[in-house]
Number of protein chains: 2
Amino acid sequence: MMREYYSITELTREFDVSTRTLRFYEDEGLVQPVRRGRTRLFRPSDRHLIRQIMRGKRLGFSINEIREIIQMYKEPPGEIGQLNLMIKRIEEKREDLRQKRRDLEETLAELDQAEESCVERLVELGVNT
Amino acid sequence: MMREYYSITELTREFDVSTRTLRFYEDEGLVQPVRRGRTRLFRPSDRHLIRQIMRGKRLGFSINEIREIIQMYKEPPGEIGQLNLMIKRIEEKREDLRQKRRDLEETLAELDQAEESCVERLVELGVNT
DNA sequence: CGCTCAATTGACTTTTACGTAAATGCCATG
DNA sequence: CATGGCATTTACGTAAAAGTCAATTGAGCG
């Protein structure tokens with residue numbers, strides 16, 4: 001079932017962030033929950049945005065970078081110049097992500113090696129006792 | 001040829017960081033260049049460390065996390081308890097990196113989709129004019 | 001030796017991404 | 001109705017990771 005609204009505390013629990021953080025994202029214009037009186041009602045689309053924000057954070061993107069990425073997920077603009085510009089920006093972000101992927105694979109490889117050294121050392125010690 | 005020493009400015013150019021940054025990393029104990037008088041002489045091992053630091057930064061790790069990772073690359077400890085602890089830590093970091101990889105792939109997929117939408121829109125506009 | 005210019009040091013400042021506290025609102029429940 | 005329990009707003013605080021600036025220092029060179 002697709003819920004209509006989520007309360008702020010529901011989402012803080014789901015994503016393990018504080019209310020302060022979600023309000024901060026609202027101030028930053030990353031999400032725009034609707035209001036009933038003064039209380040915020042987050043829609044599924046807001047929830048999805050928060051999911052994307054958390055992903056961006058884990059990848060080490062700043063709020064501004066996340067904002068840019070979120071722009072890219074939105075409806076493409078209607079003007080050709082804008083479209084070409086957006087495609088260029090998207091390509092840049094993808095290159096950025098590919099660099100991160102290379103960094104990630106290299107780091108994983110080095111950690112694999114480090115673990116192997118540890119295991120070898122354990123075997124040595126196990127043999128000698 | 002394997003250079004013996006690198007000056008601080010050489011490395012700032014190579015890695016596109018400021019001298020302040022490299023000194024900061026030294027203060028943080030991430031690198032320990034030797035000294036001739038007061039000037040720092042960075043050895044190939046320091047250079048390699050800086051490379052690893054930059055990788056960690058691009059992946060969004062904090063200085064403390066980078067410090068931990070660097071510890072893992074070093075010689076494995078001699079004591080069994082320490083070795084097991086280190087293996088556990090390494091496994092945690094790897095899980096962290098695998099999460100980042102999932103985030104990365106998802107983000108790349110969404111960007112692919114976004115670009116496709118843009119291209120489609122371009123085709124529409126191209127057809128209509 | 002004196003000059004110059006890069007390098008160092010230390011202090012202070014800045015930016016980012018929230019944390020925290022205080023005062024207050026809203027509302028369901030006993 | 002008052003009590004508890006979230007919510008909100010406003011304002012100030014803070015830690016991390018450098019940037020910036022000023023005052024020195026030292027090394028090389030003519």
Side-chain angles (χ1 to χ4, degrees), chain A residues 3-43 46-47 49-71 93 96 100 103, chain B residues 3-43 46-47 49-71 93 96 100 103:
Chain A
R3 304 260 319 264
E4 185 146 18
Y5 293 124
Y6 302 87
S7 79
I8 195 168
T9 32
E10 273 180 301
L11 295 183
T12 63
R13 293 204 183 99
E14 173 169 1
F15 294 106
D16 194 29
V17 294
S18 66
T19 57
R20 175 74 179 82
T21 300
L22 293 184
R23 291 191 199 107
F24 174 70
Y25 292 155
E26 185 181 4
D27 283 350
E28 291 293 311
L30 298 179
V31 290
Q32 283 137 274
V34 296
R35 299 293 182 113
R36 183 178 49 210
R38 298 205 309 174
T39 51
R40 281 162 249 255
L41 300 175
F42 292 79
R43 289 153 299 183
D46 294 309
R47 181 159 166 266
L49 276 172
I50 296 174
R51 188 185 304 286
Q52 291 173 330
I53 294 170
M54 300 318 286
R55 263 191 353 219
K57 275 190 50 177
R58 285 194 296 269
L59 289 174
F61 288 113
S62 71
I63 296 296
N64 276 324
E65 288 173 308
I66 290 174
R67 202 200 320 279
E68 287 175 27
I69 294 175
I70 284 178
Q71 288 300 323
K93 267 301 166 221
D96 189 348
K100 276 189 203 292
D103 290 329
Chain B
R3 302 261 318 262
E4 184 145 17
Y5 294 124
Y6 301 87
S7 79
I8 195 168
T9 32
E10 273 180 301
L11 295 183
T12 63
R13 292 201 185 103
E14 173 169 3
F15 293 105
D16 194 28
V17 293
S18 66
T19 58
R20 178 73 182 82
T21 299
L22 293 183
R23 290 189 204 109
F24 175 69
Y25 292 155
E26 184 181 8
D27 284 350
E28 290 293 311
L30 297 179
V31 292
Q32 283 136 274
V34 298
R35 299 292 183 115
R36 184 176 49 208
R38 299 206 308 172
T39 56
R40 293 163 175 82
L41 300 175
F42 291 79
R43 289 154 300 184
D46 294 310
R47 181 159 166 267
L49 276 172
I50 296 173
R51 189 185 303 285
Q52 292 172 330
I53 295 169
M54 300 317 286
R55 259 188 358 218
K57 276 190 49 179
R58 283 193 297 268
L59 289 175
F61 288 115
S62 71
I63 296 297
N64 277 324
E65 288 174 307
I66 290 173
R67 202 199 321 280
E68 288 175 27
I69 294 175
I70 283 177
Q71 287 299 321
K93 266 301 165 220
D96 189 348
K100 276 189 205 285
D103 290 329

* **Note: A/Arg43-A/Asp46 ion pair, threshold 4.0 Å (strictly below)** => yes
* Asked: Counting only non-hydrogen atoms, which of residues 23-40 of chain A are less than 4.0 Å from DNA chain C?
  -> A/Phe24, A/Tyr25, A/Arg38
* **pair B/Ile53-B/Phe15: side-chain heavy atoms closer than 4.5 Å** => no
* So, do A/Glu14 and A/Arg51 sit near enough that their side-chain heavy atoms are less than 4.5 Å apart? -> yes
All N/O donor-acceptor pairs, side-chain side in residues 27-36 of chain A, below 3.5 Å, sequence neighbours left out:
{"residue": "A/Glu28", "atom": "OE1", "partner": "A/Arg67", "partner atom": "NH2", "Å": "3.2"}
{"residue": "A/Arg35", "atom": "NH1", "partner": "A/Arg38", "partner atom": "O", "Å": "2.9"}
{"residue": "A/Arg35", "atom": "NH2", "partner": "A/Glu26", "partner atom": "OE2", "Å": "3.2"}

* So where does chain A start and stop touching DNA chain C, 5' to 3', when the test is distance under 4.0 Å to a non-hydrogen atom? -> C/dA17 to C/dG25
* To do: Would you check if B/Val17 and B/Tyr25 make a side-chain contact, meaning some heavy-atom pair closer than 4.5 Å?
  => no
* Asked: Going by number, which of residues 10-21 of chain A have a non-hydrogen atom under 4.0 Å from DNA chain C?
  -> A/Ser18, A/Arg20, A/Thr21
* Separation of A/Leu11 CG from A/Ile50 CD1 (nearest 0.5 Å) -> 5.0 Å
* **Test item: B/Ile69 and B/Gln52 side chains (from C-beta on) under 4.5 Å apart, heavy atoms** => no
* To do: Output all residues satisfying salt bridge (charged side-chain N to carboxylate O under 4.0 Å, His left out) with A/Arg55, sequence neighbours left out; order by chain, then residue number.
  => B/Glu106, B/Glu110
* **Worked check of side chain to side chain donor-acceptor pair (under 3.5 Å) between A/Thr21 and A/Ser18** => CA-CA 5 Å; A/Thr21 300; A/Ser18 66; 2.9 Å; yes
* Straight-line distance of A/Arg3 CZ to A/Glu10 CD, nearest 0.5 Å -> 4.0 Å
* **Between CZ on residue A/Phe42 and CG on residue A/Leu49, distance to nearest 0.5 Å** => 11.0 Å
* **For DNA chain D, the residues among residues 50-58 of chain A that have a non-hydrogen atom under 4.0 Å from it** => none
* **Crowding at CG, B/Asp16 (>12 non-hydrogen neighbours, <6.0 Å)** => no
* **Interatomic distance where CG belongs to B/Asn64 and C1' belongs to D/dA15 [whole Å]** => 11 Å
* Separation of B/Leu22 atom CG from D/dA17 atom P, in whole Å? -> 15 Å
* Would you indicate whether the side-chain heavy atoms of A/Arg40 and A/Arg23 approach each other to under 4.5 Å? => yes
* Whole Å only: how far is the CD1 atom of B/Ile8 from the P atom of D/dA27? -> 16 Å
